[in-house]
J.: 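I am attaching a structure below and will ask some questions about it afterwards.
The model shown is predicted, which means the values in this text are computed figures rather than measured ones. Positions are given from 1, in the same order as the sequence printed here.
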Amino acid sequence: MKSKNKKRSSIYVITLFGILLTTFLIYSCSTDEYKYNYANETATEINSIAQTRSLFFQTWNTGNILIDSVANSDEFYEFKRCSEQLADKFSAYTSKLNDEEYDKLMEDLNNDEYVEDFIKKANLEEELRQMDEANKGLRERTVFLRLSEEERLSLFSLYAKSHEFTKRKILKTRKEGNGNSKCEELRQAAYEQAQTEYDNAIARCKAESPTTYCYTQALANYRRNQRIADKEYEECINE
C-alpha cells in the first residue's frame, strides 16, 4: 500500500512540475514577444514622429545660443504648426470672399462684434485656441522671452527663408521661361517678409487681451501682404 502511495505521490509531483514548467515557458515566451512587439512599436512611433518633424523642421546652428535653443525646441515646432494651420484656414476662407466682402473684412477689423461673427463663420475657434496654447508654451517653456526684437525677427526670418519656397507651388508663365525669374524672386522675398512679420505679430499677441482680435489682425495683415505680393508679381511678368 505504501509503495502505491509513494508511486502516486511521485506521479503527482512530476505532473505538477510539468505543469509549472509549461506555464513558465509559455509566460516567458509571451513576455519576450510582448517586449519585442512593444519595442518595435515604440521604435516605429519614434521614427514616424522624427520623419514627420524632419519634413517640417530642421536642426538649427546659427551661432546664437538663444535663437538655436528656441528654434530646436518642441514648443517652437508647435508654435509654427499652429500659426501655419491658422493662416491656411484663414486664407482658405477669405479666398472665397468677393472683393466687396474682403474689403469689408479689412475695414471692420476693429469692430469686435464683426470680428467675433467672422471667426464663427470661418470656423476658426479651435485653431485660435490651439494657437493660444502653443503661444503660451513657447513663452513659458523656452527662452523665447529672453530674445531681443532683432533676435526674434531673425528667428522667424530664418524659418521663412528655409521653408517658404518648398511650401508654395509656383505658377510659371511663358514670359518667365525656365528657372527662377526676377519677378519670382521678388515675390518670394515678399512672401518671406510677410511670414516673418506674421509670426512675430502672432508671438506678440500673447501680451494682448483678448488675443483673438490680435490674431485676426495679424492674419488679415499677412493675407493682405500676400495679395499685394501676388499683384506685384503679375504686374512684373506683364511688363
J.: Would Val70 and Glu75 satisfy side-chain contact (heavy atoms from CB on, under 4.5 Å), going step by step from the backbone distance to the final call?
T.: CA-CA 8 Å; Val70 175; Glu75 287 77 14; over 6 Å; no
J.: So, are Glu125 and Arg129 salt-bridged, with charged N and O less than 4.0 Å apart?
T.: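 Not counted as a salt bridge, because no side-chain N and carboxylate O are separated by less than 4.0 Å.
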J.: What do you reckon, is CD of Glu150 surrounded by more than 12 foreign heavy atoms closer than 6.0 Å?
T.: no
J.: How long is the straight-line distance from CD1 of Ile65 back to CG of Asp68, given to the nearest 0.5 Å?
T.: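 Answer rounded to 0.5 Å: 8.0 Å.
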J.: State, yes or no, whether a side-chain contact exists between Arg223 and Leu219 at a heavy-atom distance under 4.5 Å.
T.: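 The answer is no; the side chains never approach within 4.5 Å.
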J.: Who are the side-chain contact (heavy atoms from CB on, under 4.5 Å) partners of Gln193, not counting sequence neighbours?
T.: Glu197
J.: I'd like to know if Val143 and Leu138 are part of one continuous hydrophobic network [Ile/Leu/Val/Met/Phe/Trp/Tyr, side-chain heavy atoms within less than 4.5 Å].
T.: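 Yes; tracing contacts between hydrophobic side chains, which count when under 4.5 Å, links both residues.
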J.: Can you check whether Asn123's main-chain N or O pairs, donor with acceptor, with Lys89's side chain at less than 3.5 Å?
T.: yes
J.: Are a donor atom and an acceptor atom from the side chains of Tyr215 and Asp132 found within less than 3.5 Å of each other?
T.: yes
J.: Restricting to pairs with a member in residues 125-149, which pass ring-ring contact (aromatic ring centres under 6.0 Å, His included), not counting sequence neighbours?
T.: none
J.: Quick one: are Asp88 and Gln85 in side-chain contact, heavy atoms under 4.5 Å?
T.: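 Contact flag for Asp88/Gln85 side chains = no.
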J.: Ala203 and Phe156: which non-hydrogen atoms are nearest, and at how many Å?
T.: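 Minimum heavy-atom contact is CB-CZ, 4.1 Å.
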J.: Return the minimal non-hydrogen interatomic distance between Leu66 and Glu151, and the atom names on each side.
T.: CD1-OE1, 4.4 Å
J.: Identify the two heavy atoms, one from Tyr213 and one from Asp112, that lie closest to each other, and give their separation to 0.1 Å.
T.: CE2-O, 3.6 Å
J.: Could you walk me through whether Lys136 and Glu133 pass the salt bridge (Lys or Arg N to Asp or Glu O under 4.0 Å) test, one step at a time?
T.: CA-CA 5 Å; Lys136 180 180 179 181; Glu133 288 296 316; 5.4 Å; no
J.: Return the CZ to OG1 distance between Arg152 and Thr196, rounded to the nearest 0.5 Å.
T.: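 Here the interatomic distance stands at 14.5 Å.
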J.: Distance from Met131 atom CE to Glu84 atom CD, nearest 0.5 Å?
T.: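 That separation rounds to 10.5 Å.
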J.: Knowing that exactly one of Leu155, Thr142, Leu153 qualifies, which makes a side chain to side chain contact (heavy atoms under 4.5 Å, CB included) with Leu147?
T.: Leu155
J.: Mind checking the CG-OG spacing from Asn64 to Ser154? Nearest 0.5 Å is all I need.
T.: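 The OG atom of Ser154 is 7.5 Å from CG of Asn64, to the nearest 0.5 Å.
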J.: Tell me, with the steps shown, if Leu186 and Glu232 meet side-chain contact (heavy atoms from CB on, under 4.5 Å).
T.: CA-CA 9 Å; Leu186 291 172; Glu232 291 178 346; over 6 Å; no
J.: Answer yes or no: is there a donor N or O on one side and an acceptor on the other, between the side chain of Ser91 and the main chain of Ala87, under 3.5 Å?
T.: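 Answer holds: no.
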J.: When hydrophobic residues are tied together by side-chain contacts of less than 4.5 Å, even through go-betweens, does Phe79 share a cluster with Leu145?
T.: yes
J.: Please determine, by modelled atom types, if Gln217 and Asn110 share a side-chain donor-acceptor pair under 3.5 angstrom.
T.: yes
J.: Centre of Tyr102's six-membered ring, under 6.0 Å away, within 45 degrees of the axis: is that where NZ or CZ of Arg227 sits?
T.: yes
J.: So with a 6.0 Å cut-off around CG of Asp99, is the heavy-atom count from everything else above 12?
T.: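 Counting other residues, nucleotides and ligands, CG of Asp99 stays at 12 neighbours or fewer.
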J.: Please examine the side chains of Tyr77 and Asn72, heavy atoms only from C-beta on, and report whether any two atoms are closer than 4.5 Å.
T.: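 Sidechains of Tyr77 and Asn72: no contact.
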J.: Given side chains that start at C-beta, do those of Ile237 and Glu234 come closer than 4.5 Å, heavy atoms only?
T.: yes
J.: Return the minimal non-hydrogen interatomic distance between Ser95 and Ala92, and the atom names on each side.
T.: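 Distance-wise, the nearest heavy atoms are OG-O, 2.8 Å.
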J.: Are Glu149 and Arg204 close enough, and set up right, to give a salt bridge (Lys or Arg N to Asp or Glu O under 4.0 Å), and what steps lead you there?
T.: CA-CA 10 Å; Glu149 181 67 12; Arg204 283 175 171 272; 2.9 Å; yes
J.: About how many Å separate CZ of Arg187 and CD of Gln226, when rounded to the nearest 0.5 Å?
T.: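 Going from CD on Gln226 over to CZ on Arg187, the span is 10.5 Å.
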J.: Give me the atom names and distance for the closest heavy-atom approach of Cys82 to Gln130.
T.: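 So the minimum-distance heavy-atom pair works out to SG-O, 3.7 Å.
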J.: For Tyr191 and Asp230, test the side chains for any donor-to-acceptor distance below 3.5 angstrom and give the result as yes or no.
T.: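 Short answer, yes.
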J.: Check side-chain contact (heavy atoms from CB on, under 4.5 Å) between Ala220 and all other residues, then give those that pass, not counting sequence neighbours.
T.: Phe90, Met106, Leu109
J.: Are Glu78 and Arg81 within salt-bridge range, i.e. N to O under 4.0 Å?
T.: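 Yes.
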J.: Count the heavy atoms of every other residue, nucleotide or ligand shown that sit under 6.0 Å from CD of Glu101, and state whether that count exceeds 12.
T.: yes
J.: Phe118 and side chain to side chain contact (heavy atoms under 4.5 Å, CB included): which partner among Asn111, Asp108, Leu124?
T.: Leu124
J.: Between Ala194 and Tyr222, which heavy-atom pair has the shortest distance, and what is it?
T.: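 Looks like O-CD1, 3.4 Å.
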J.: Rounded at 0.5 Å granularity, tell me how far CZ in Arg146 sits from OG in Ser69.
T.: 8.5 Å
